[in-house]
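Chain letters run A, B, ... following the sequence lines, proteins first, then strands; residues in each count from 1.
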Number of protein chains: 2
Amino acid sequence: MTHHYDLLERLRAQGHRLTPQRDMILLAVHDAGGHASAEEIHQQVLLQNPNVDLSTTYRTLELLTEMGIVYRTDMGDGTSRYELAEEEMHHHLVCRRCGRVMDLSHDVLEPLQERLRADYGFAADFTHMVFQGLCEGCHGESTGEP
Amino acid sequence: MTHHYDLLERLRAQGHRLTPQRDMILLAVHDAGGHASAEEIHQQVLLQNPNVDLSTTYRTLELLTEMGIVYRTDMGDGTSRYELAEEEMHHHLVCRRCGRVMDLSHDVLEPLQERLRADYGFAADFTHMVFQGLCEGCHGESTGEP
DNA sequence: TTCTTACTTGCGATTGTTTGCAGAAGCAAA
DNA sequence: TTTGCTTCTGCAAACAATCGCAAGTAAGAA
């Protein structure tokens, strides 16, 4: 596992400053173990230092996202989720009926990515896609939400 | 062109009520001619009746989206865009560097849709996808935002 | 036509996220 | 260590979008 000090060093190497808040926030993202909301991450940070502002958490998460250290994912439920980018690239299938989330390996998207590059000259950012739809258990029952 | 009264009739056919607000909002979506924000649609409605509330516009747009009468698209700029669903199903490639928007025909997505169904039993909602990335003119110049 | 009832609306409050600003603090150089 | 520059933070306010509630109203029944 990549130690989080290495990641913090990447911040400084790119001219950003290494602050206690950033340290705590990055550690909280790591400890959350994936798919954590900004609010959840912030609550975790507050346990260590109750003065850290929520906007600082948001700004830091954005910085880490820009640097590629964390992934931000919009699962379609109105809140963004964050997770460390150290694991293998993967995607999500989200059932709009029961909310079930399935992982999707990247190689399923590679043919599409290749075709977009070949036919449109477009280099798609397939870093952490989310596809909405109906899962196996839900799309047999056609319409009628619970 | 599908007349908007036909669309309003579809509302009533599904047990929803046909109110002047819904009439105005649907007409505003039509007049906007695609990719209009909720706020822009609301401003258009206010010209006809300044008492219509923004939340009514949002609720109506959500209803129309659920019924498949309009498409909601998140272009990645923080605000959702709405357009009538009467045209052919299509998708967008959005360049994150220069903002250029390209149309993408649906048949490019069909192999992926089929594979998700076959391998995962997942019926993906590929109604109006948006893929972020770099267009032909922008991804030659590697990094360095303007 | 009037009645009735469930669906809609306007309003205000709330959520999730972003931004502007003044003071605080990291970091490189002296 | 101190200085000085610049970035970062906390605070408060703005923002897009949603929600709860009481009053309003469409549409079928009588």
Side-chain angles (χ1 to χ4, degrees), chain A residues 5 8-26 28-29 32 35-46 48-67 69-82 96 130 145, chain B residues 5 8-26 28-29 35-46 48-67 69-82:
Chain A
Y5 290 121
L8 290 171
E9 266 314 309
R10 278 178 57 191
L11 280 183
R12 191 155 64 195
Q14 296 205 16
H16 303 288
R17 290 181 181 168
L18 213 156
T19 68
Q21 289 90 339
R22 287 173 176 176
D23 187 342
M24 288 186 279
I25 290 165
L26 182 54
V29 174
H35 298 173
S37 68
E39 184 62 42
E40 287 163 357
I41 291 163
H42 184 62
Q43 288 303 320
Q44 187 62 34
V45 169
L46 289 184
Q48 271 197 268
N49 181 341
N51 296 315
V52 177
D53 196 74
L54 180 59
S55 70
T56 300
T57 299
Y58 274 108
R59 277 187 280 226
T60 300
L61 289 172
E62 188 183 0
L63 175 64
L64 296 173
T65 301
E66 279 172 10
M67 294 190 60
I69 291 175
V70 310
Y71 287 145
R72 178 209 306 240
T73 309
D74 180 2
M75 291 289 200
D77 69 335
T79 69
S80 292
R81 306 276 157 177
Y82 299 85
R96 90 175 111 83
V130 174
E145 313 293 292
Chain B
Y5 290 121
L8 290 171
E9 266 314 310
R10 279 179 56 192
L11 280 184
R12 191 155 63 195
Q14 295 205 18
H16 303 288
R17 292 184 179 165
L18 213 157
T19 69
Q21 289 89 340
R22 287 173 176 176
D23 186 343
M24 287 186 278
I25 291 166
L26 182 55
V29 174
H35 298 172
S37 69
E39 185 60 40
E40 287 163 357
I41 291 162
H42 184 61
Q43 288 303 321
Q44 187 62 34
V45 169
L46 288 183
Q48 270 197 268
N49 181 342
N51 295 314
V52 177
D53 195 75
L54 180 59
S55 70
T56 300
T57 299
Y58 273 108
R59 278 187 280 225
T60 301
L61 288 172
E62 188 184 0
L63 175 65
L64 296 174
T65 301
E66 278 172 10
M67 295 191 59
I69 291 175
V70 311
Y71 287 146
R72 178 209 306 241
T73 309
D74 180 2
M75 289 292 202
D77 68 335
T79 67
S80 292
R81 307 277 157 176
Y82 299 84

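- Among the protein residues, B:Leu54 comes within range of no part of the nucleic acid, since none of its heavy atoms lies under 4.0 Å from any strand.
- Comparing A:Thr19 and B:Arg17 along DNA chain D, the residue whose closest nucleotide (by nearest heavy atom) sits nearer the 5' end is A:Thr19.
- When rounded to the nearest whole Å, the span between OH of A:Tyr58 and P of C:dT19 equals 13 Å.
- Between the side chain of A:Arg59 and the base of C:dG20, a donor-acceptor pair under 3.5 Å is found.
- In this structure, A:Glu39 places its CD atom 13 Å from C1' of C:dT14, rounding to the nearest Å.
- Taking atom CD on A:Glu62 and atom C1' on C:dT19, their separation rounds to 11 Å, with Å as the unit.
- When distances are taken from the side chain of B:Ser80 to each of D:dA27, D:dA17, C:dC27, the shortest belongs to D:dA17.
- Looking at the side chain of A:Thr79, the nearest of the listed nucleotides D:dA12, C:dG16, D:dT9 is C:dG16.
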| field | Audit row: B:Leu18, B:Leu11, side chain to side chain contact (heavy atoms under 4.5 Å, CB included) steps and yes/no | value | CA-CA 7 Å; B:Leu18 213 157; B:Leu11 280 184; 5.7 Å; no
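- For the pair A:Gln43 CD and C:dT15 P, the computed distance is 13 Å after rounding to whole Å.
- We find that CG of A:Leu11 is positioned 14 Å from P of C:dG26, with the value rounded to whole Å.
- If you measure from atom CG of B:Asp23 to atom C1' of D:dA27, you get 17 Å, rounded to the nearest angstrom.
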| request: Apply the test side chain to side chain contact (heavy atoms under 4.5 Å, CB included) to residues B:Leu54 and B:Glu39: give CA-CA distance (whole Å), side-chain angles for both, the deciding distance (0.1 Å), then the verdict. | output: CA-CA 8 Å; B:Leu54 180 59; B:Glu39 185 60 40; 3.9 Å; yes
| said: Checking B:His42 against B:Thr56 for the side chain to side chain contact (heavy atoms under 4.5 Å, CB included) test, could you report, in this order, the C-alpha distance in whole Å, the side-chain angles of both residues, the deciding distance, and whether it holds? | reply: CA-CA 9 Å; B:His42 184 61; B:Thr56 300; over 6 Å; no
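- Put simply, the side chain of A:Thr56 and the base of D:dC8 share no donor and acceptor less than 3.5 Å apart.
- Using a distance-only test at 3.5 Å, with no hydrogens or angles considered, a donor-acceptor pair links the side chain of B:Arg22 to the main chain of B:Arg17.
- Summarising the geometry, the separation between CZ on B:Arg22 and P on C:dT8 is reported as 4 Å, rounded to the nearest angstrom.
- In this structure, B:Ser55 reaches the bases: a heavy-atom distance under 4.0 Å links it to at least one base atom across the strands shown.
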| query | What's the verdict on salt bridge (charged side-chain N to carboxylate O under 4.0 Å, His left out) for A:Glu62 and A:Arg59, showing C-alpha distance, side-chain angles and the deciding distance? | reply | CA-CA 5 Å; A:Glu62 188 183 0; A:Arg59 277 187 280 226; over 6 Å; no
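- Counting any heavy atom pair closer than 4.0 Å across all strands shown, B:Gln21 reaches sugar-phosphate atoms only and no base atom.
- When the side-chain nitrogen and oxygen atoms of B:His16 are compared with OP1 and OP2 of C:dC7, none of them lie within a distance under 4.0 Å.
- Proximity note for B:Arg72 (side chain, C-beta onward) versus C:dG26, C:dT18, D:dT18: the nearest is D:dT18.
- Distance B:Leu61 CG to D:dA16 P: 15 Å, rounded to the nearest Å.
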